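In what follows, a structure is listed as structure tokens, so that the remarks can point back to it.
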Amino acid sequence: MYPFDKKTYLKRYAAIREQTVNICKPLAVEDFVAQPVVDVSPPKWHMGHTTWFFEAIVLNNYSDSYKEFDHRYGYLFNSYYDTVGDRVQRPNRGHMTRPTVQEIIQYREYVDEMMIKFINNELKEVDKDLAYILELGLQHEQQHQELLVTDLKYILGMNPIFPVYKDYIESNKTALKDKASYIAVDEGIYEIGFDGSGFCFDNELGRHKVYLNPFKFMDRLISNGEYLEFIDDGGYQRFNFWLSEGWEWVKQQDVHAPLYWHKINNKWCHYTLSGLEEIKSDEPVTHISYFEADAFASWKGKRLLTEAEWEVVSQLHERIPDKESNFVENENFRPLQCPKDGIQLMGDTWEWTGSAYLPYPGFKKTDGAIGEYNGKFMVNQMVLKGGSCATPRDHIRASYRNFFHPYLRWQFTGIRLAESL
Ligand SMILES: [Fe+2]
């Protein structure tokens with residue numbers, strides 16, 4: 001069990017809860033309600049749902065004095081927890097013009113006040129389970145902060161007038177890497193999975209041995225310029241690079257470029273959170289599906305890293321997020337070119353791995369609602385590693401396992417190539 005300290009927890013609670021509100025500050029009230037596609041939740045819903053998590057999972061179960069802010073909110077803001085009860089179906093989250101944004105802010109303030117009272121006045125003994133649940137509330141909120149950024153990008157990016165979320169100020173303080181190199185990793189038995197005393201999600205347990213054949217990996221992400229070569233070479237018209245499901249997806253959805261790309265006056269442009277702009281060829285390509293990542297690798301005669309290879313690469317070359325890495329706190333809201341002498345591993349874009357999202361050996365589903373957190377999604381999804389420019393810096397680690405369906409593109413997703421030796 002990791003140590004629980006009231007003062008430290010309350011400080012982190014305040015900072016993380018405030019960050020959610022900060023991310024929403026540039027939004028107009030109209031932006032809070034839209035749900036342009038089922039996977040994107042309205043910002044207002046994220047604000048309510050992260051608050052509901054503390055109410056439903058912590059206060060309702062552990063506080064003797066807690067009274068719900070509004071008994072109807074459980075139905076509105078439960079996401080997928082069957083243990084907790086019925087809920088508004090996901091595609092209908094954008095139908096809720098009420099409660100108003102102002103009422104949800106009041107709900108947040110009420111729950112914050114109750115959480116502080118509960119921790120200061122009621123909490124005596126914190127056992128292993130409660131310490132985990134309290135921390136899970138914070139980690140859950142950080143996951144939704146990332147979703148908030150990617151969801152509001154979709155909401156604004158699908159608007160024909162391409163509103164600016166925040167202006168981007170380019171920094172030119174470091175020399176940047178243009179030519180990629182490959183770094184070799186020896187064959188051998190390695191260990192993956194969480195190994196430490198801090199927090200991890202249940203899906204990172206248990207740590208286990210893997211045998212890796214020798215391989216090499218690219219030291220930076222694939223750039224827009226490199227991806228354009230794939231497009232220009234007819235990548236989206238040539239079936240032989242694509243997985244069968246991917247090829248069906250390309251045809252059915254009429255896909256011919258990454259999400260947010262538009263050809264305007266014969267120039268490729270893309271929507272960024274600082275507005276519509278011409279593609280910068282040296283920046284990492286992002287908002288691509290697993291199908292596209294795999295097809296690009298196939299076109300290059302290479303492959304993606306497996307999940308185990310990625311984690312071993314990260315253990316060997318960057319144990320913790322590098323202070324130079326580009327996370328949400330940098331407020332770039334876009335992936336950036338790799339520094340000249342660095343290895344681009346964490347931040348910038350999530351990297352699709354070639355591995356299906358499956359339980360690790362010894363994985364155990366917890367009893368109750370939090371047992372629904374990760375385990376029930378272990379089918380038909382691929383693992384992504386490394387975090388993105390929308391991920392909070394202290395939320396990511398080498399063993400962190402993100403997962404999405406292979407056709408989804410609204411997260412900041414990118415490509416790293418690898419090759420067997
Ligand atoms: Fe959630």
Side-chain angles (χ1 to χ4, degrees), residues 12-13 16-24 32-33 35 37-61 68-69 72-96 99 104-105 107-108 111-112 115 132-155 199-204 328 350 357 365-366 368-378 381 384 387-388 390-392 394-396 400-405 408 410-412:
R12 289 188 62 234
Y13 180 90
I16 289 171
R17 294 283 286 166
E18 192 185 358
Q19 170 69 353
T20 303
V21 177
N22 286 342
I23 290 169
C24 294
F32 279 90
V33 191
Q35 185 182 26
V37 69
V38 62
D39 300 299
V40 167
S41 296
K44 192 173 83 169
W45 185 87
H46 285 294
M47 291 180 79
H49 167 71
T50 46
T51 304
W52 166 84
F53 196 90
F54 284 106
E55 179 176 75
I57 309 292
V58 179
L59 293 169
N60 281 350
N61 296 323
E68 286 185 336
F69 180 76
R72 301 168 301 178
Y73 281 19
Y75 183 74
L76 303 184
F77 297 121
N78 180 359
S79 53
Y80 54 66
Y81 298 90
D82 286 313
T83 310
V84 184
D86 289 341
R87 58 202 172 269
V88 168
Q89 291 303 298
R90 188 173 180 139
N92 299 336
R93 289 176 187 168
H95 298 180
M96 293 189 272
I104 289 176
I105 289 169
Y107 177 41
R108 287 185 70 85
V111 168
D112 286 348
M115 277 292 293
Y132 180 78
I133 285 169
L134 286 167
E135 182 58 32
L136 186 66
L138 299 181
Q139 300 283 337
H140 171 255
E141 182 117 2
Q142 288 186 314
Q143 287 185 312
H144 277 273
Q145 287 166 1
E146 170 147 18
L147 288 168
L148 253 176
V149 172
T150 52
D151 289 5
L152 67 88
K153 179 167 183 179
Y154 197 92
I155 290 166
F199 174 88
C200 76
F201 288 107
D202 55 0
N203 63 4
E204 297 167 63
V328 74
W350 288 100
Y357 178 51
K365 219 156 66 167
T366 321
I370 58 169
E372 295 186 58
Y373 204 100
N374 284 309
K376 70 182 187 182
F377 301 110
M378 289 173 172
Q381 311 212 50
L384 300 102
S388 81
T391 309
D394 66 356
H395 184 67
I396 194 75
Y400 195 105
R401 309 177 77 198
N402 199 356
F403 50 92
F404 281 107
H405 290 291
L408 289 171
W410 96 111
Q411 293 302 303
F412 286 93

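Numbers here simply count residues along the sequence, with the first being 1. These numbers were taken from a predicted model, which means no experiment stands behind them. Read the numbers this way: they start at 1 and go in the same order the structure lists the ligands and their atoms.
With sequence neighbours left out, the side chain to side chain contact (heavy atoms under 4.5 Å, CB included) criterion links E18 to N22. With sequence neighbours left out, the salt bridge (Lys or Arg N to Asp or Glu O under 4.0 Å) criterion links R17 to D112, E141. For R12, the salt bridge (Lys or Arg N to Asp or Glu O under 4.0 Å) criterion is met by E135, not counting sequence neighbours.
The aromatic rings of Y400 and W350 lie tilted to each other, with the angle between the two planes from 30° to 60°. Ring orientation note: the planes of Y373 and Y81 are tilted relative to one another, at an angle of 30° to 60°.
Just one residue in the list I370, N374, L136 forms a side-chain contact (heavy atoms from CB on, under 4.5 Å) with D202, and that residue is N374.
Distances under 2.8 Å from the Fe ion (ligand 1) pick out the protein N/O/S atoms H49 NE2, H140 NE2, H144 NE2.
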